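Computed from a prediction, not measured in an experiment: that's the story for all the values here. As the structure lists them, so they are numbered: ligands from 1, and atoms in each ligand from 1.
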Amino acid sequence: MTSNDSLARLAAVIESRKASNGGSADTSYVARLLERGPDAFLKKIGEEACEVVMAAKDADHGGDPKKIVAEMADLWFHSMIALAHYGLQPGDVIDELERRAGTSGIEEKALRKAQQRDSE
Ligand SMILES: N=c1c2ncn([C@@H]3O[C@H](COP(=O)(O)OP(=O)(O)OP(=O)(O)O)[C@@H](O)[C@H]3O)c2ncn1[C@@H]1O[C@H](COP(=O)(O)O)[C@@H](O)[C@H]1O
């Protein structure tokens with residue numbers, strides 16, 4: 001199974017929880033978060049991002065880098081709940097990364113700054 005398939009499968013589960021309209025909030029963590037709304041899952045995204053940073057800093061000081069994987073999985077998972085809430089798909093993010101492929105971040109930033117200057 002490719003990573004795209006895994007993301008698509010998880011997105012489909014999240015969509016099915018969304019379709020239950022909070023009906024399975026007693027048994028489903030996803031349904032519960034969707035029912036609680038953006039404040040709940042956006043807070044989790046912030047927390048999980050901090051946990052990724054902490055795991056990476058631990059790894060810098062001799063900790064196990066695999067902890068970064070676990071924290072990053074939590075971050076991706078909660079981010080996917082946000083995507084579903086806003087009617088988006090992981091494929092939209094992958095398409096955006098594809099669109100950026102081959103464009104250096106430095107080149108892109110210089111172009112953006114030039115466009116900003118032109119519009120001022
Ligand atoms: N990938 C995940 C996944 N990753 C993390 N989590 C849950 O995310 C929660 C938050 O993680 P934390 O480390 O912050 O734990 P916590 O302290 O219990 O969290 P809070 O009390 O702060 O909410 C935990 O309860 C994890 O179990 C996930 N819950 C579900 N999934 C996927 O979503 C599917 C549907 O899940 P349900 O909707 O629960 O059936 C599952 O089959 C999985 O594929």
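- Applying the side chain to side chain contact (heavy atoms under 4.5 Å, CB included) rule to A8 yields no partners; only residues at least two apart in sequence or on another chain are considered.
- For L111, the side chain to side chain contact (heavy atoms under 4.5 Å, CB included) partners at least two apart in sequence or on another chain are Q115.
- Every protein residue with a heavy atom nearer than 4.0 Å to ligand 1 is included here: L10, V13, R17, S28, Y29, V30, K44, E48, D74, F77, H78.
- The pair E47-K43 meets the salt-bridge criterion, since a charged nitrogen lies less than 4.0 angstrom from a carboxylate oxygen.
- Checked for salt-bridge contact, R32 and E35 miss the test: no charged N lies under 4.0 Å from a carboxylate O.
- For R99, the side chain to side chain contact (heavy atoms under 4.5 Å, CB included) criterion is met by E96, not counting sequence neighbours.
- Taking hydrophobic clusters as Ile, Leu, Val, Met, Phe, Trp and Tyr residues chained together by side-chain heavy-atom distances below 4.5 Å, I94 shares a cluster with I81.
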